[in-house]
There are 2 protein chains.
Amino acid sequence: MDQDLKAYFAKTLAEVSIDCVIFGFHAGELKVLLLRWKETDGWSLPGGRIFKEESLNAAAVRILQERTGLTEIFLHQYYTFGDTNRNTHFTEMELLERLEGFFGKGIFDELLHNRVVSVGYFALVEFALVQATPDWFTDECRWWNIADVPNLLFDHNDMITSALQALRQQIRNQPIGYDLLPEKFTMPELQKLYETILDKQFDRRNFQKLLMSYDILEKLDEKRVGVANKSPFLYRFDKQKYEKAIHSGISFSM
Amino acid sequence: MDQDLKAYFAKTLAEVSIDCVIFGFHAGELKVLLLRWKETDGWSLPGGRIFKEESLNAAAVRILQERTGLTEIFLHQYYTFGDTNRNTHFTEMELLERLEGFFGKGIFDELLHNRVVSVGYFALVEFALVQATPDWFTDECRWWNIADVPNLLFDHNDMITSALQALRQQIRNQPIGYDLLPEKFTMPELQKLYETILDKQFDRRNFQKLLMSYDILEKLDEKRVGVANKSPFLYRFDKQKYEKAIHSGISFSM
DNA sequence: GCAAAAGTGTTCTAGTTACACCCATGC
DNA sequence: GCATGGGTGTAACTAGAACACTTTTGC
């Protein structure tokens with residue numbers, strides 16, 4: 001195992017890595033996928049190393065695929081973190097010792113003492129489709145509500161904060177939702193998604209008017225059944241028009 | 001010299017570097033600062049290596065300072081370029097041979113055959129204050145009009161294209177001009193800057209109204225003298241209010 | 001005096017915001 | 001039948017767009 005890991009390290013870049021903030025949306029809450037490191041209670045973002053012959057974007061896609069099982073998901077590079085003190089959060093000796101005991105001394109040095117620049121990506125995924133899988137260093141995957149994220153290893157709390165900022169920037173210039181919602185969804189669900197990301201309430205009528213004005217939504221003849229209260233209509237994104245709106249850009253200004 | 005260079009390489013990261021798109025504005029034209037490589041007619045962006053104990057941002061500031069003599073300039077990280085074929089533009093053997101003859105074979109390998117991820121920054125500088133200075137590999141600095149930029153080495157044409165996109169994004173959400181214009185300037189000059197960056201014409205009255213509404217400009221009792229035609233008033237940014245507007249953001253929507 | 005650029009306000013339009021009543025469903 | 005949430009349109013307001021004439025200066 002240690003041998004495998006060394007071979008893997010030898011095939012990958014040592015000074016640059018990737019970390020991904022994977023956003024999901026469920027039960028009206030915005031969530032991020034986090035990993036718990038083996039033998040510890042330290043959590044971190046999913047991330048990974050880049051093969052020497054692999055582009056950054058390809059590595060990000062691969063890492064996402066490895067952790068969620070999903071391909072073809074929305075993935076966006078948002079910032080590259082290059083402070084020299086990126087590992088300072090990881091100073092609790094107890095944690096380090098446990099890791100060292102588990103992985104061996106060499107790996108410890110490689111992982112935590114080297115200075116590494118990390119390229120931050122954020123991904124938007126459909127919560128229900130994710131098959132979360134831990135990696136070499138971790139043995140638990142969990143979705144955390146944005147508001148409940150604990151103190152993370154490395155500078156990963158900062159990474160989430162700025163990913164969220166980038167997502168908020170994104171949502172104001174491009175449609176969002178295709179990757180975060182199931183194929184069919186109701187207008188109140190879409191509105192709740194926007195409200196959750198932007199932490200802001202909207203008027204139902206105005207929201208509907210604005211979203212429909214982008215001409216990316218298709219109102220279906222179906223309604224969501226089995227829920228309390230009046231059955232809401234179902235909508236679906238028109239993939240073609242949605243893609244076009246992504247490229248040409250929209251201005252969501254509520 | 002070769003020895004110095006090897007020592008420098010040993011103190012810096014090998015897999016990550018920085019490239020800077022330095023924008024200036026002069027005579028109604030948006031310009032970028034480019035460097036010509038010694039013994040060649042190949043041009044590239046200013047860039048540099050990162051010291052092992054230096055943060056990305058500090059390295060970018062240092063590189064800018066080295067090339068322009070300026071400190072405290074507007075600097076923004078906009079994208080990290082990590083394709084594996086980033087060096088493919090550099091295939092002209094004649095160029096490579098000349099470089100090899102000049103720098104020696106070792107340097108050639110290090111620089112051009114290694115796969116390097118490059119963090120892109122763009123800077124906005126006041127044209128007149130720049131004392132452009134070439135680096136180790138180059139012997140000429142020149143300002144080029146954006147529209148006249150030749151085919152550059154590496155993937156640097158792409159870098160300029162996306163820096164310009166990022167700048168256009170920037171200008172719509174934050175005030176711009178403090179770093180690109182001299183201390184005192186006229187409203188038509190400021191308008192020309194906006195028009196040049198966005199490649200779009202504005203109505204003088206509406207432009208003035210909008211810019212003044214941000215409450216970041218101070219109209220002076222002076223006029224620019226000695227120019228043809230009616231003397232325009234001079235304006236100055238109110239640094240405090242300008243900084244506040246940068247943080248809180250504006251919406252330039254013309 | 002003439003050409004070229006700058007100073008200045010108002011009207012119209014379009015987009016954004018505010019707002020309320022009825023209806024369907026589950027319990 | 002009642003509580004809860006969803007569906008739907010209009011009026012007021014505000015911000016953006018369009019627009020022209022006068023003034024100053026250098027040549």
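Residue numbers start from 1 in every chain, and the chains themselves are labelled A, B, ... in the order their sequence lines are given, proteins ahead of strands.
If you check every strand for non-hydrogen atoms under 4.0 Å, V225(B) touches nothing.
When rounded to the nearest whole Å, the span between CG of N206(B) and P of dC19(D) equals 11 Å. Distance CZ (F252(B)) to C1' (dA15(D)): 14 Å, rounded to an integer number of Å. Between F185(A) atom CZ and dG6(D) atom P there is a gap of 15 Å when expressed in whole angstrom units. The interatomic distance linking R224(B) (CZ) with dT25(D) (P) rounds to 15 Å, in whole Å. Between L217(A) atom CG and dG7(D) atom P the separation is 13 Å, expressed in whole Å. The distance between atom NZ of K223(B) and atom P of dT23(D), rounded to the nearest whole Å, is 13 Å. The interatomic distance linking K200(B) (NZ) with dA17(D) (P) rounds to 7 Å, in whole Å. Nucleotide dG9(D) holds its P atom 18 Å from the CZ atom of F207(A), rounded to whole Å.
Note on K219(B): a side-chain N or O is less than 4.0 Å away from OP1 or OP2 of dT8(C). S231(B) has no side-chain polar atom (N or O) that falls below the 4.0 Å cut-off from OP1 or OP2 of dT24(D).
For the side chain to side chain contact (heavy atoms under 4.5 Å, CB included) with K239(A), the qualifying choice from K241(A), R236(A), E243(A) is E243(A), the only one to do so. With Y121(A) as the fixed residue, the side chain to side chain contact (heavy atoms under 4.5 Å, CB included) test singles out one of D19(A), L64(A), L56(A): L56(A).
Here dG26(D) is the nucleotide among dT24(D), dG26(D), dG7(D) with the atom lying nearest to any side-chain atom of A228(B). Of all nucleotides listed (dA4(C), dT8(D), dA6(C)), dA4(C) comes nearest to the side chain of N229(B). When the nucleotides dT8(C), dG9(C), dT16(C) are ranked by their closest atom to the side chain of L210(A), dT16(C) comes out on top. Considering only the side chain of R204(B), dA6(C) comes nearest among dG6(D), dC19(C), dA6(C). Considering only side-chain atoms of K209(B), the nucleotide from dT8(D), dT8(C), dT10(C) that sits closest is dT10(C).
Summary of the strand contacts: D203(B) and T186(B) both lie near DNA chain C, and taking for each the nucleotide with the nearest heavy atom, the more 5' one is attributed to T186(B).
Comparing the P positions of dG16(D) and dA18(C) gives an interatomic distance of 16 Å, to the nearest angstrom.
Two rings, from F25(A) and F185(A), have their centers 6.0 Å or more apart. For H156(A) and F154(A), the ring centers sit closer than 6.0 Å to each other.
A salt bridge links D139(B) to R36(B): at least one charged side-chain nitrogen sits closer than 4.0 Å to a carboxylate oxygen.
Looking at R205(B), its side chain comes within 3.5 Å of the base of dA20(D) through a donor and an acceptor atom.
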